[in-house]
Amino acid sequence: MKLATLRTAEGTRAIRVEGERYAELGAPDVGAFLAQEDWRAQAGAVTPERPLAGAGLAPVVPRPGKILCVGLNYRNHILEMGRELPRYPTLFAKYPEALVGPADPIALPPESDAVDWEAELALVIGATVRRASETEAAAAIAGFSVLNDVTTRDWQYRSPMWLQGKTFEGTTPFGPYLVTPDELPGGTTPALDLSCSVDGEQVQKANTGDLVFGPVDLVRYASTILTLRPGDVIATGTPGGVGHARKPPRYLSGGARLVTEISGLGRLENVARDEHA
């Protein structure tokens, strides 16, 4: 099934989407909905009857308790850069203020002139887990979505710690849907085509089957460190093709159209807008 968070005049609402129709789920957003133990049964019991056309979607989980991100996680990209495959995931964080919806503008902060794209598969947690076994980790994955980890490279590399370049407000599109694993080839280890384009030019293309650390591995690893809860998000990393690695480097400018797409999950279509201080 597909879940999303709908914007309405009265606030956001969690919805189930089927084709071009939706039904409300009685929760303010997908994160809150996943906190209910019987969320799968509740979502399966509703019949989408309202037209989706023209509906405005928020980030699929607007305010996750945690957003964990993974660096250096596509095998071919690591090898083509002449690096060894990592023994452990490289983790960093992002905060909810960074998130925008699947069709919202991306803020280009005036403090940076090096804003880059990073198309990623995101997983959303649907059950509370700590030190999860492989079976528990797989069962804790509610579903998958599309995220672009838009990054201010000049701020990222101000220090060895990446956080400050990864979480500028209003920069990270996330959505449009959460798609449950049963709808995807590979289930909780999906092999999906991922792509990113800027102004109609494809800049990234990969398959999520090339991940060094897959979704189940990442849930196991992260849950060793801290408890994962419903609505938490893990962004699994980006493949080659980012602007910073080009010669000369290429970055987003005002008016640039960024499209991020993963087969079976949908697409993000966002326009970069200059943000005034």
Side-chain angles (χ1 to χ4, degrees), residues 1-3 5 14 27 29-44 59-75 78 85-96 99 120-147 149 162-163 166 172 174-175 177-192 194 207-238 262 264-265:
M1 66 184 74
K2 291 182 179 179
L3 308 180
T5 297
D29 58 62
V30 169
F33 183 66
L34 295 176
Q36 304 175 55
E37 288 189 11
D38 61 343
W39 65 265
R40 290 179 177 84
Q42 288 191 49
V60 66
V61 182
R63 294 199 62 83
K66 291 180 281 296
I67 307 169
L68 300 177
C69 304
V70 184
L72 303 173
N73 199 28
Y74 273 84
R75 186 173 286 102
I78 295 169
L85 297 180
R87 293 181 60 194
Y88 306 106
T90 298
L91 298 183
F92 57 93
K94 187 182 285 283
Y95 296 108
L99 299 179
E120 306 203 12
L121 172 73
L123 69 88
V124 181
I125 298 295
T128 300
V129 285
R130 180 78 199 280
R131 297 189 176 94
S133 66
E134 184 172 349
T135 299
E136 291 167 338
I141 297 174
F144 297 92
S145 192
V146 187
L147 182 144
D149 180 24
W162 293 354
L163 175 66
K166 290 290 188 175
T172 304
F174 178 34
Y177 312 115
L178 178 152
V179 181
T180 52
D182 58 295
E183 291 203 10
L184 301 171
T188 55
T189 309
L192 309 173
L194 172 153
N207 187 282
T208 61
D210 193 42
L211 288 168
V212 177
F213 303 103
V216 174
D217 297 327
L218 293 173
V219 172
R220 290 189 66 191
Y221 189 81
S223 72
T224 302
I225 302 167
L226 76 177
T227 301
L228 299 179
R229 304 184 189 281
D232 286 346
V233 175
I234 300 177
T236 61
T238 199
I262 300 180
L265 301 182

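Predicted model only: the values in this text are computed from it and were never measured.
- With hydrogens and angles ignored, the 3.5 Å screen pairs a side-chain donor or acceptor of Asn73 with a backbone N or O of Phe213.
- Checking side-chain atoms of Ser145 against main-chain N and O of Tyr177 turns up a donor-acceptor pair under 3.5 Å.
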Dump the intermediate steps for side-chain contact (heavy atoms from CB on, under 4.5 Å) on Thr236 and Thr208, then the final yes or no. CA-CA 9 Å; Thr236 61; Thr208 61; over 6 Å; no
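- Although no hydrogens or angles enter the test, the distance criterion places no donor-acceptor pair under 3.5 Å between the side chain of Thr172 and the main chain of Asp149.
- Between Ala14 and Val30 the shortest heavy-atom distance is CB-N, 3.9 Å.
- Using a 4.5 Å heavy-atom cutoff, the side chains of Val61 and Leu99 are not in contact.
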Derivation of the side-chain contact (heavy atoms from CB on, under 4.5 Å) call for Leu211 and Asp217: CA-CA 10 Å; Leu211 288 168; Asp217 297 327; over 6 Å; no
Contacts table for residues 227-235: side-chain donor-acceptor under 3.5 angstrom, sequence neighbours left out:
{"unit_1": "Asp232", "atom_1": "OD1", "unit_2": "Lys66", "atom_2": "N", "d": "3.1"}
{"unit_1": "Asp232", "atom_1": "OD2", "unit_2": "Lys66", "atom_2": "NZ", "d": "2.9"}
{"unit_1": "Asp232", "atom_1": "OD2", "unit_2": "Arg229", "atom_2": "N", "d": "2.8"}

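- Trp39 and Gly126 get closest at one heavy-atom pair: NE1-O, 3.4 Å.
- Distance check: Ile78 CD1 to Leu72 CG gives 5.5 Å after rounding to the nearest 0.5 Å.
- Atom CZ of Phe92 has more than 12 heavy atoms from other residues, nucleotides or ligands within 6.0 Å.
- Residue pairs meeting the salt bridge (charged side-chain N to carboxylate O under 4.0 Å, His left out) criterion with at least one member in residues 180-192: none, sequence neighbours excluded.
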Verdict with supporting geometry, Ile225 and Leu91, side-chain contact (heavy atoms from CB on, under 4.5 Å): CA-CA 11 Å; Ile225 302 167; Leu91 298 183; 3.9 Å; yes
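- Here the CZ-CG distance, from Arg130 to Leu226, works out to 7.0 Å after rounding to the nearest 0.5 Å.
- Using a 4.5 Å heavy-atom cutoff, the side chains of Thr188 and Leu123 are not in contact.
- Thr5 contributes a side-chain N or O that, together with a main-chain N or O of Val60, makes up a donor-acceptor pair within less than 3.5 Å.
- Here the shortest heavy-atom pairing between Arg75 and Gly209 reads NH1-O, 4.4 Å.
- Arg131 places no side-chain N or O within donor-acceptor distance of the main-chain N or O of Ser223, the cut-off being under 3.5 Å.
- In plain terms, the two heavy atoms of Lys166 and Ala93 that are nearest each other are CB-O, 4.3 Å.
- Between Glu136 atom CD and Thr128 atom OG1 the span is 12.0 Å, to the nearest 0.5 Å.
- Residues Pro62 and Pro96 fail the side-chain proximity criterion, which asks for heavy atoms closer than 4.5 Å.
- Side-chain contact between Phe174 and Val146 is absent, with no heavy atoms from C-beta onward closer than 4.5 Å.
- Considering only heavy atoms from C-beta on, Phe144 stays 4.5 Å or farther from Thr180 through its side chain.
- Here the shortest heavy-atom pairing between Ala142 and Arg40 reads CA-NH2, 4.3 Å.
- Summarising the geometry of Pro181 relative to Ile141, their closest heavy-atom pair is CG-O, 3.8 Å, with the distance given to 0.1 Å.
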Given the rule in the side-chain contact (heavy atoms from CB on, under 4.5 Å) test, do Leu68 and Leu218 qualify, once you have shown the distances and angles that lead to the verdict? CA-CA 10 Å; Leu68 300 177; Leu218 293 173; over 6 Å; no
